[in-house]
Amino acid sequence: FNDYPVTLAFFVPGQLPMVRKALGSRPLNSPHLRIQIGGGFSDANTILEMAGNPGVEILMAYSGSETNVALMNSVRAKDDV
């Protein structure tokens with residue numbers, strides 16, 4: 001997604017190693033990027049590393065499969081994961 005001015009993307013935990021690598025080569029002039037993560041348990045260290053990239057905000061999504069509503073929180077510290 002570094003080739004386009006993406007501002008919001010949703011990923012599941014299995015995709016996070018690829019996303020973490022891509023964020024490392026993200027151009028500095030890229031727009032603010034919100035990454036939503038849901039669909040399973042995620043490694044806190046990976047998420048905190050991703051959140052440390054300039055212009056990146058991580059949102060953890062929590063929801064039951066029976067509903068169409070998700071609760072989200074912004075990750076700023078390990079306790080937020």
Side-chain angles (χ1 to χ4, degrees):
F1 56 77
N2 286 339
D3 295 335
Y4 301 95
V6 175
T7 58
L8 177 65
F10 183 90
F11 298 100
V12 295
Q15 296 172 302
L16 297 184
M18 176 269 310
V19 175
R20 181 179 62 193
K21 184 177 178 181
L23 288 176
S25 62
R26 191 165 181 255
L28 292 177
N29 62 347
S30 296
H32 183 80
L33 173 62
R34 288 186 169 155
I35 296 177
Q36 296 178 351
I37 302 168
F41 294 102
S42 302
D43 176 63
N45 293 326
T46 298
I47 292 171
L48 290 173
E49 183 181 330
M50 291 168 51
N53 285 282
V56 174
E57 179 181 6
I58 304 294
L59 300 167
M60 300 298 295
Y62 303 94
S63 176
S65 58
E66 306 82 23
T67 66
N68 62 355
V69 176
L71 301 174
M72 292 191 207
N73 72 296
S74 185
V75 175
R76 294 187 177 90
K78 193 169 188 170
D79 288 343
D80 296 331
V81 177

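Quick note: residue numbers are just sequence positions, from 1.
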task = Apply the test side chain to side chain contact (heavy atoms under 4.5 Å, CB included) to residues Leu23 and Val56: give CA-CA distance (whole Å), side-chain angles for both, the deciding distance (0.1 Å), then the verdict.
result = CA-CA 9 Å; Leu23 288 176; Val56 174; 4.0 Å; yes
Would you say [Y] ends up clustered with [X] if hydrophobic residues are merged whenever their side chains have heavy atoms under 4.5 Å apart, either directly or through other cluster members?
{"X": "Leu16", "Y": "Leu8", "answer": "no"}
{"X": "Ile37", "Y": "Met18", "answer": "yes"}
{"X": "Tyr62", "Y": "Leu48", "answer": "yes"}
{"X": "Tyr4", "Y": "Phe10", "answer": "no"}

message = Run the side chain to side chain contact (heavy atoms under 4.5 Å, CB included) test on Asn53 and Arg20 for me, step by step, so that the C-alpha distance in whole Å, both residues' side-chain angles and the decisive distance to 0.1 Å come before the verdict.
response = CA-CA 9 Å; Asn53 285 282; Arg20 181 179 62 193; over 6 Å; no
ask   = Say you draw a straight line from CD of Glu57 to CD of Gln36; how long is it, rounded to the nearest 0.5 Å?
value = 9.5 Å
request  = Please round to the nearest 0.5 Å and tell me the distance separating atom CG of Asp43 and atom CD of Glu49.
outcome  = 9.5 Å
task = List the steps and the verdict of side chain to side chain contact (heavy atoms under 4.5 Å, CB included) for Val6 and Leu33.
result = CA-CA 7 Å; Val6 175; Leu33 173 62; 4.0 Å; yes
key: Expected output: side-chain Asn2 to main-chain Pro27 donor-acceptor under 3.5 Å   = no
inquiry  = Pair Val19, Thr46 - check side chain to side chain contact (heavy atoms under 4.5 Å, CB included), show working.
reply    = CA-CA 10 Å; Val19 175; Thr46 298; over 6 Å; no
request  = Write down the atom of Gly55, the atom of Arg26, and the distance for their closest heavy-atom approach.
outcome  = O-NH1, 3.9 Å
key: Nearest heavy-atom neighbours spanning Gly38 and Pro13   = O-CD, 3.3 Å
